[in-house]
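These notes concern the structure reproduced below.
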There are 2 protein chains.
Amino acid sequence: MKYGIAMFPSKMLQDKVNSYRKRYDPHYALIAPHITLKDPFEADENEVKSIISYIERIAAETDPITIDITKVSSFYPVNNVIYLKVEENSNLSALHDQLYSGPLEHEQPYNFVPHLTLGQKLSDDEHSDVLERLKMLDIRHSETIDRFQLLYQLDNGSWTVYETFRLKGRSGR
Amino acid sequence: MKYGIAMFPSKMLQDKVNSYRKRYDPHYALIAPHITLKDPFEADENEVKSIISYIERIAAETDPITIDITKVSSFYPVNNVIYLKVEENSNLSALHDQLYSGPLEHEQPYNFVPHLTLGQKLSDDEHSDVLERLKMLDIRHSETIDRFQLLYQLDNGSWTVYETFRLKGRSGR
């Protein structure tokens, strides 16, 4: 089965992001707005059991994470993805790194650039039009996230949550 | 915020159900195939904290639940919903009843008829055509489910998982 690990921000931020995704993201209906912590990977039922124990240990030691959003950006020219940039954050990077270690050691297809996708698979023209427009918005926002989720993908491409992990480090208890 | 409580069956069963929902269920993109354990209810952030503690205690005492599916049925004439009927099940009913007690005491809009929706909001003609066709399928299936989820609804009508509860009764440990 194909699994992934992601963090859902507050309802308010999800609603805001969805107002753009609705028009610009063909994956709008497949998963709620999220920060990907680990790209899709294959695992069988037994592997998942030990993966979950491993993640539980990480979550128990990790504090809730405050994210800061300051601007709209794009992965162009690598691909035409427009996103809300989550500012560099050593706590988030440390969590990401742990989710690529131990039983979760997998090759990383990209460097970790935490983000919330606003639009993707846009034509070059649409990409530059939309990016120019969205860059003018004031989207500064901060919030603290105290949980993340292990999900699996259905045959139609949508994602179902399998397990919730609470960040229980000192300040989350 | 509007919350609901649901149980997602295995990927295999979700994929099967989605193959019908894709054509017949306008809520196809809003949530994965599920058994509703508690209909949508309003709660604020503080209420949710005590609700989660309450549900955790229930989940810790409840064994994983085996569901049996034997036929396709419909809520017609109440409404044109076609579903996989989950056979009467005292464990599932007990869990449902607990999710309508304590801090979760709410009026029940319907009797509890556990089911997985295949289609809804069909015209009368389409409803009777589709129901007749699906009733001929052999859809017998059993499986054991060891978790359920608390979800909240976004402004676009879709549902995001907030918390996962594992059924940890004796056999789930």
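Chain A is the first sequence line, chain B the second, and so forth, proteins listed ahead of strands; every chain is numbered from 1. Note that the coordinates shown come from a computational prediction; the quantities given were computed from them, not determined experimentally.
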Discussion item. Check for me, please, whether A:I52 and A:I55 land in the same ILVMFWY cluster - side-chain distances under 4.5 Å, paths through other members count.
Written reply: yes
Fill in: Cluster check B:V17, B:V81: I/L/V/M/F/W/Y, side chain < 4.5 angstrom
no
Item to complete: Answer yes if A:Y83 and A:I65 sit in the same cluster of Ile, Leu, Val, Met, Phe, Trp and Tyr residues linked by side chain heavy atoms under 4.5 Å apart, and no otherwise.
Response: no
Discussion item. So for B:M1, is it side chain, backbone, both, or neither that comes closer than 4.5 Å to the heavy atoms of chain A?
Written reply: side chain
Worksheet item: Is it true that the side chains of A:Y162 and B:Q149 contain a donor and an acceptor less than 3.5 Å apart?
Response: no
Worksheet entry | Counterpart residues, salt bridge (charged side-chain N to carboxylate O under 4.0 Å, His left out), relative to A:R166 (two or more places apart) | B:E56, B:E163
Worksheet item: What distance separates A:T160 OG1 from B:N18 CG, expressed to the nearest 0.5 Å?
Response: 8.0 Å
Worksheet item: Does anything in residues 108-145 of chain B get under 4.5 Å of chain A by heavy atoms, and if so which residues?
Response: none
Worksheet item: Is there a path of hydrophobic side-chain contacts, each under 4.5 Å between heavy atoms of I, L, V, M, F, W or Y residues, that connects A:F75 with A:L84?
Response: no
Discussion item. Sort by residue number and list every residue of residues 19-50 of chain B having at least one heavy atom under 4.5 Å from chain A.
Written reply: B:Y28, B:A29, B:A32, B:P33
Worksheet item: Are A:I51 and A:I58 connected in a single hydrophobic cluster, I mean Ile/Leu/Val/Met/Phe/Trp/Tyr linked by side-chain heavy atoms less than 4.5 Å apart?
Response: yes
Worksheet, complete the sentence: For A:K11, the salt bridge (charged side-chain N to carboxylate O under 4.0 Å, His left out) test, sequence neighbours excluded, returns A:D15, B:D155
Response to the item:
CG (B:L154) and NZ (A:K16) are apart, to the nearest 0.5 Å, by 15.0 Å
